[in-house]
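A short write-up of the structure that comes next.
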Amino acid sequence: MWNRAEHRTAGTIIGVLIATALAAAIHNPNVLVLVGIGFMVAALTINLGGAPYWQYVMLLTPAMVVMDSGGVNTDWVG
């Protein structure tokens, strides 16, 4: 249980940093949503491949942040 919690925490922190960097670099909301979809596909592929949980969360977090905000105010959502 503690190991999974540590993985979730580490993956979420890294994922938020990735989402923040994406929001700083990409200013088009449509492109951000497309990048979020790419992160979602990558996260699902990693999860099905049996990679460590933190890697899955690291890719899933930016996808959720970018897609939840619709590409707008991504830094605030993160």
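- Applying the side chain to side chain contact (heavy atoms under 4.5 Å, CB included) rule to Ile26 yields the partners Leu22, Val31, Leu32, Val35; only residues at least two apart in sequence or on another chain are considered.
- Contact annotation: the side chain of Leu34 never approaches that of Asn30 to less than 4.5 Å [non-hydrogen atoms, C-beta and beyond].
- Under a hydrophobic clustering in which Ile, Leu, Val, Met, Phe, Trp and Tyr are joined whenever their side-chain heavy atoms come within less than 4.5 Å, directly or via other members, Leu59 and Ile37 fall into the same cluster.
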Please tabulate, for side-chain N and O atoms in residues 43-58, each donor-acceptor pair with protein atoms closer than 3.5 Å (sequence neighbours left out).
{"from": "Thr45", "atom 1": "OG1", "to": "Val41", "atom 2": "O", "distance (Å)": "2.8"}
{"from": "Tyr53", "atom 1": "OH", "to": "Arg8", "atom 2": "NE", "distance (Å)": "3.2"}
{"from": "Tyr53", "atom 1": "OH", "to": "Arg8", "atom 2": "NH2", "distance (Å)": "2.5"}

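- The two residues Pro62 and Ile18 make their nearest non-hydrogen contact at CG-CG2, 3.9 Å.
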